[in-house]
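The structure under discussion appears below in the form of structure tokens.
Values below: every heavy atom of this structure, side chains too, minus hydrogens, waters and symmetry copies.
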2 protein chains.
Amino acid sequence: MPRRSNTFVKTRQDHANETAEDYVEAIGDILETQPTCRVKDLSAKMGVSHVTVTRILQRLSAERLIDKDPYGPCTLTRKGAAMAKRSRRRHQLLLDFLLHIGVPPTDAARDAEGMEHHVSDATLSVMRAVLQEDSNRR
Amino acid sequence: MPRRSNTFVKTRQDHANETAEDYVEAIGDILETQPTCRVKDLSAKMGVSHVTVTRILQRLSAERLIDKDPYGPCTLTRKGAAMAKRSRRRHQLLLDFLLHIGVPPTDAARDAEGMEHHVSDATLSVMRAVLQEDSNRR
DNA sequence: ACCGACATGTAGCATGGGCTACATTTTAGA
DNA sequence: TCTAAAATGTAGCCCATGCTACATGTCGGT
Ligand SMILES: [Mn+2]
Ligand SMILES: [Mn+2]
Ligand SMILES: [Mn+2]
Ligand SMILES: [Mn+2]
């Protein structure tokens, strides 16, 4: 059980999940537009070297979030797909909210990428409510 | 000049500033409630060992954000005070916004601590506008 | 003035995420 | 089918942020 009464400690714990969340989400995105997801695809998408991707994929594989053979493409496990789905929903909801209140799309996209990992379910619920309320209003 | 067209790269760059922002802000907070800020105060506030604090303070000192002598307390330089002020304003505005839309205080406090480092000026402006508009409305 | 408690510093280790340089495997074209 | 280019993996480095264990400095009470 993580103790997280201290907000700084909580933020550092969130950072630990951040890479995994972004990568499984990215893998999911890639697999929607093409049949396989390879190291070079992720390297391009994340803006890092193939070496960094390889090491991170090894960790994701050890954590049973992805399946991957040497020199092969990678796929999401059940667990990985579940994390990707959750991450994507949260990312999208946050992005929709920022756009809704009037943040320019380019800024909203950048902000959402970093903020998403620190938004609690409580805040997401409120954002969802605001979006729904205002869509009913018109 | 940082290239930040890639949102993932942008987020990683934001993380680099995060520690400095949190520490100068924390030092500023502490110096408002007591005459000096010592390693043990920061260790308690950030939830890390005194060793971690010492090393980070060495870096902040090298970056001219704080003044500190061995075994002495630390103070903010002009530069550090400016960063602290900016960080605190941003933190407070984000927190106010979250509370305004109805996020429970405990969640809002935790979320703001992590989100603050990824909120652009564009988004902050929008949040400020929402707060002002709704305060006029009543 | 001394000494013990407390604060701070240092040594050394771990993990994670960057990188370049080099090795190996795959794959596609001639 | 060979072979060169592309993709991937490995070695080994950097830096940041954690930690424990141990060393040293500071300071207050007797
Ligand atoms: Mn995302
Ligand atoms: Mn992200
Ligand atoms: Mn803050
Ligand atoms: Mn923070």
Send over the distance from [X] [atom1] to [N] [atom2], rounded to a whole Å.
X	N	atom1	atom2	answer
B:D22	D:dA16	CG	P	16 Å
A:N17	C:dG16	CG	C1'	13 Å
B:F8	C:dG16	CZ	P	20 Å
A:H15	C:dG17	NE2	C1'	13 Å
B:Q13	D:dA16	CD	P	15 Å
A:R59	D:dG9	CZ	P	16 Å
A:D41	D:dT8	CG	C1'	13 Å
A:I56	C:dG16	CD1	P	10 Å

Open item on the list: Does B:V48 reach a base, just sugar-phosphate, or nothing at all? Heavy atoms under 4.0 Å.
Closed with: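 It contacts sugar-phosphate atoms only.
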
- [ ] Classify the nucleic acid contact of A:V39 as base, sugar-phosphate or nothing, counting any heavy atom under 4.0 Å across all strands shown.
- [x]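 Counting heavy atoms under 4.0 Å across all strands, the contact made by A:V39 is with sugar-phosphate only.
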
- [ ] Kindly indicate whether the side chain of A:D22, heavy atoms from C-beta on, has any atom under 4.5 Å from the side chain of A:E116.
- [x]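 With C-beta onward as the side chain, the pair touches.
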
[X] vs [N]: side-chain N/O to OP1/OP2 distance below 4.0 Å:
X	N	answer
B:S49	D:dC19	yes
B:K40	D:dT26	no
B:T54	C:dG9	yes
B:R38	C:dT8	yes
A:T19	C:dG16	no
A:Q58	D:dT10	yes

Open item on the list: We want to know whether B:Q92 and B:D96 form a side-chain donor-acceptor pair, criterion being a heavy-atom distance below 3.5 angstrom.
Closed with: yes

Open item on the list: Would the base of C:dG9 count as contacting B:R55 through its side chain, where contact means a donor and an acceptor less than 3.5 Å apart?
Closed with: no

Open item on the list: Can you tell me how far apart CE (A:M115) and CG (B:D14) are? Round to the nearest 0.5 Å.
Closed with: 11.5 Å

Open item on the list: Here's a test of your reading of the structure: between A:D69 and A:R12, which maps to the more 5' nucleotide of DNA chain D?
Closed with: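 It is A:D69, whose closest nucleotide lies nearer the 5' terminus.
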
Open item on the list: Need to verify one output field. Residue with the more 5' nearest nucleotide on DNA chain D, B:Y71 or B:H50?
Closed with: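 On the 5' side of the pair lies B:H50.
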
Open item on the list: Using modelled atom types and a 3.5 Å cut-off, is there a donor and acceptor pairing between side-chain atoms of B:S43 and backbone atoms of B:V39?
Closed with: no

TODO: For the pair A:H118 and B:H118, name the ring-plane relationship: parallel under 30°, tilted 30 to 60°, perpendicular over 60°.
DONE: parallel

